[in-house]
Amino acid sequence: MKDSLRCPRCQSEALYRYGFTPSGKQRYLCVVCQHQFVEHPARKPPEVRPSCPRCGQPMHVYMRRGGVVRFRCTRYPECRTYLKIRAEVSRS
Ligand SMILES: [Zn+2]
Ligand SMILES: [Zn+2]
């Protein structure tokens, strides 16, 4: 079964397969408005929570900025371990 795919911008069904994204998803180009989009945009995976390299407790998101996520140990302030992880930034 297949849902009919529509342009998210103009709802047109006149779509052109336009190669693949770097992550391997089918990319479409709307013939009507030239909008490019990806079928079924990735559902956000559950937040990856690293565990604290020092005490083994889970870490939680402390700050997100500019594609970088900072995690802080849930035992803060007892444990002041931070982690900085670069999140994938999708560019169009
Ligand atoms: Zn369109
Ligand atoms: Zn810790």
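All ligand and atom numbering here is 1-based and tracks the order in the structure. By convention here, the first residue in the shown sequence is residue 1.
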* Asked: Take atom OH in Y16; do more than 12 heavy atoms of anything else shown fall under 6.0 Å from it?
  ->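 No, not enclosed.
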* Asked: Which of parallel (below 30°), tilted (30 to 60°) and perpendicular (above 60°) describes F37 and H35?
  ->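 Aromatic pair F37/H35 classed parallel.
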* Asked: When hydrophobic residues are tied together by side-chain contacts of less than 4.5 Å, even through go-betweens, does Y18 share a cluster with V31?
  ->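 Yes; tracing contacts between hydrophobic side chains, which count when under 4.5 Å, links both residues.
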* To do: Verify the cluster assignment for L83 and V61: are they in a single hydrophobic cluster under the rule of side-chain heavy atoms below 4.5 Å apart?
  => yes
Just verifying a value: how many Å separate [X] [atom1] and [Y] [atom2], rounded to the nearest 0.5 Å?
{"X": "L15", "Y": "R27", "atom1": "CG", "atom2": "CZ", "value": "14.5 Å"}
{"X": "Y82", "Y": "Y62", "atom1": "OH", "atom2": "OH", "value": "4.5 Å"}
{"X": "Q36", "Y": "R9", "atom1": "CD", "atom2": "CZ", "value": "10.0 Å"}
{"X": "H60", "Y": "T74", "atom1": "NE2", "atom2": "OG1", "value": "6.5 Å"}

* What protein N/O/S atoms are found closer than 2.8 Å to the Zn ion (ligand 2)? ->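 As for protein N, O or S atoms lying under 2.8 Å from the Zn ion (ligand 2), they are C52 SG, C55 SG, C73 SG, C79 SG.
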* What protein N, O or S atoms come within a distance below 2.8 Å of the Zn ion (ligand 1), ordered by chain and number? ->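 You should have found C7 SG, C10 SG, C30 SG, C33 SG.
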* Asked: Between R49 and M59, is any pair of side-chain heavy atoms under 4.5 Å apart?
  ->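 No - every pair of side-chain heavy atoms lies 4.5 Å or more apart.
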